[in-house]
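Structure, as structure tokens:
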Amino acid sequence: MRSQPDSDKRNPGSAFPWRASEGPILNSFLDARTLPAGTVIQTDLAIIGGGAAGITLALALAHTPIRMLMLESGGLAFDDSTQALYSGEEAGVHYLKLDGSRLRYFGGSTNHWGGWCRPLDKSDFEKREWLPYSGWPFGREALEPYIPRAQQLVEAGEPIYDDAKRLAADAPLNLGKGGLYTTYFQFSKTRGGVLPTHFGKRYGDDLRRIPNLDLYLHANVTALELAPDAGSLDRLEVATLSGNHFTVKPRYTVLAAGGIENARILLVSNDVAPRGVGNANDLVGRFFADHCIPREVATLVTFDGNMPAYYTATQSAGGVHFRAALSPTEDFKQQSSVLGSLTTVENEVALDDLAKAAVAAAANALGVDAGSARAFSLGTGFELAPDPDRRLTLTGERDALGLQRLKLDMRVSNSDFARYRSTLRELGRQLLAARTGLLRIQHRTRDGWLSVVDWGNHHMGTTRMHDDPKHGVVNANSQVHGVPNLYIAGSSVFPTYGSSNPTMNLVALTLRLADHLKMVMT
Amino acid sequence: MTWRAGIERRPLLAGLVGALGLGILGGGAYEAARILHRNEKAGAYGDLVSRLPDPDGARLLGHAVIAGLPRFNAAETARSLRKALAIHSLADVTASDLAAGRVAEAGGWVLPESLALICALAAAAA
């Protein structure tokens with residue numbers, strides 16, 4: 001094992017041997033198109049997908065006795081024909097095209113992610129009686145030990161989050177007592193100031209230095225072939241767009257192809273299990289989720305015109321990039337039966353006559369001077385309730401490799417909008433009670449909300465985690481129920497979603513999976 | 001003898017005091033008339049609406065409040081508000097509203113309930 005670089009020695013317990021940048025490049029990536037047809041490769045661990053989860057797993061298992069093989073569908077850069085393998089149908093409420101909201105080449109969707117990071121809240125893991133299908137099989141404490149290392153991987157600096165207020169030059173907005181508080185995002189950054197970290201570019205050379213890893217590009221897994229008794233995974237069938245076919249026989253496999261494709265690969269693998277691998281209880285592809293991101297949801301007025309700069313834009317201090325947002329407290333979420341949301345302050349806006357009247361009347365009633373009042377538009381990302389009918393299913397259409405394409409039935413319930421609206425109403429009450437300002441909620445009707453809805457490209461939930469196979473595709477260790485040598489990494493296992501962006505959290509969860517695999521495989 | 005020496009001090013002071021008094025009386029009368037006019041303009045709920053600085057703005061907000069309150073009963077609302085405001089200031093009543101979570105909306109603007117209802121009365125009286 002190589003010595004740790006100095007930067008890691010300052011963080012005992014969080015060191016990664018792969019951070020050594022001095023070592024020789026041991027491997028070059030292999031091109032699956034050049035393999036002799038019919039090749040059978042034996043390995044200890046197959047990792048399907050070279051995105052955030054797959055790369056994290058390979059880095060975490062570097063220099064172990066586990067022989068790894070990573071299969072990445074794309075090459076080192078975007079390619080139209082590979083990307084077209086993602087296309088599918090969308091139905092229901094407006095959603096992004098399935099080949100438009102993710103990227104299929106080395107590094108995966110980190111090639112276009114926004115870099116927003118924040119750990120999931122404690123309540124995101126809890127079963128809530130008022131929220132059907134809620135709860136993880138473990139609490140946040142199971143993930144917390146992995147957050148510092150995940151934070152290193154996404155290069156978001158020391159994980160200080162809500163302590164970022166000590167770095168801010170100005171005091172936060174006075175929200176007084178109530179259901180919302182100022183919380184903080186941190187942002188991924190990479191060397192040279194380019195935002196954010198693209199895992200393929202950032203860790204490509206590190207992966208090439210891992211002696212126990214072979215990485216195949218242009219290698220598309222077309223089927224997970226179960227043993228005849230369906231009790232284990234026997235082999236992977238792999239194809240290239242150039243027409244090459246080969247087989248991988250791993251002892252263990254981790255499916256890390258993304259929140260949509262993980263479900264697709266399980267569903268199309270239906271030779272032995274007719275409903276697909278891990279789908280005995282018809283759960284694969286259900287509970288699809290994303291963060292609903294309606295634009296310009298509200299207008300916030302501060303009576304004194306004050307709005308600290310870190311609410312409207314990212315600020316840098318103390319080695320971290322951070323930005324404030326407004327989040328419901330854990331107590332408010334529980335007492336008011338609302339889900340997570342992160343409301344951001346966007347742009348300064350002008351006030352119309354009704355707005356001016358509201359400001360004047362409220363300021364007069366509260367006895368405050370509103371002579372310097374300023375108004376700002378608000379944006380948000382909010383959590384959807386788990387919904388089994390928001391789902392991915394296979395269609396009759398097939399892609400260039402002969403795999404059935406997917407159809408997404410996207411849904412947002414009225415209660416999803418209503419929950420977020422009640423959060424905004426509480427924010428409005430708080431601003432008035434604290435004599436800080438007031439708030440206008442922009443939308444009241446479903447059509448109004450839908451007219452401004454956008455999405456976070458945060459694909460979650462389609463292979464959900466639950467201890468009971470009747471309610472989940474994978475168990476608490478991310479192992480597919482009934483298939484002891486098949487695991488799933490990524491946000492597809494999130495059974496409830498929170499409002500935090502998933503990348504840093506799924507990296508932490510993958511690090512936890514790596515520890516588990518070290519235990520069971522060595 | 002200078003020109004200044006020709007002016008008697010006592011009549012001058014009396015004149016100034018008189019003018020000041022007339023001014024105060026005039027100003028008071030103007031303010032009283034203005035309040036009366038505002039109350040009159042606010043109709044039956046003028047005693048409540050006059051607590052707001054901008055009757056036109058209050059009416060504008062009030063129409064938006066009523067649009068969200070299909071069962072709004074002006075007389076009952078006025079009775080309840082008068083009762084509260086007879087013993088508490090508007091500032092106290094709105095603070096109490098906010099502490100208890102009583103808010104209402106005017107075209108999406110979240111307002112203390114009592115304030116929103118006074119605005120609604122301004123609109124109802126118009």
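Protein chains get the first letters and strands the later ones, always in sequence-line order, with residue 1 at the start of each.
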Under 6.0 Å from the [atom1] atom of [X], do we count more than 12 heavy atoms belonging to anything else shown?
X: A/Tyr133; atom1: OH; value: no
X: A/Lys127; atom1: NZ; value: yes
X: A/Glu330; atom1: CD; value: yes

Residues 60-68 of chain B side chain polar contacts: donor-acceptor under 3.5 Å, at least two apart:
none

Original post:
Which one of A/Leu366, A/Leu438, A/Leu424 has the most heavy-atom pairs closer than 4.5 Å to chain B?
Top reply: A/Leu438
**OP:** Determine the option with the most heavy-atom pairs under 4.5 angstrom with chain B, choosing from A/Ala360, A/Ala358, A/Ala298.
**Re:** A/Ala358
Original post:
Do side-chain atoms of A/Arg444 reach the backbone of B/Gly108 as a donor and acceptor pair under 3.5 angstrom?
Top reply: no
Subject >> Backbone N/O of B/Arg51 and side chain of A/Asn364: donor-acceptor pair under 3.5 Å >> reply: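 Yes, the answer is positive, given that a donor and an acceptor are paired below the 3.5 Å cut-off.
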For [X] and [Y], work out which heavy atoms get closest and say how close.
X: B/Val103; Y: A/Arg425; answer: O-NH2, 3.0 Å
X: B/Leu115; Y: A/Ala365; answer: CD2-CB, 4.0 Å
X: B/Ala106; Y: A/Leu354; answer: O-CD2, 4.0 Å

**OP:** Measure the spacing between CZ of B/Arg102 and CZ of A/Arg429 and express it to the nearest 0.5 Å.
**Re:**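 Between B/Arg102 CZ and A/Arg429 CZ, I get 11.5 Å after rounding to 0.5 Å.
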**OP:** Identify, with sequence neighbours excluded, every residue that meets salt bridge (Lys or Arg N to Asp or Glu O under 4.0 Å) alongside A/Asp124.
**Re:** A/Lys333
Subject >> Contact origin within B/Ala91 toward chain A - heavy atom pairs under 4.5 Å >> reply: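 Contact with chain A is through both the backbone and side chain of B/Ala91.
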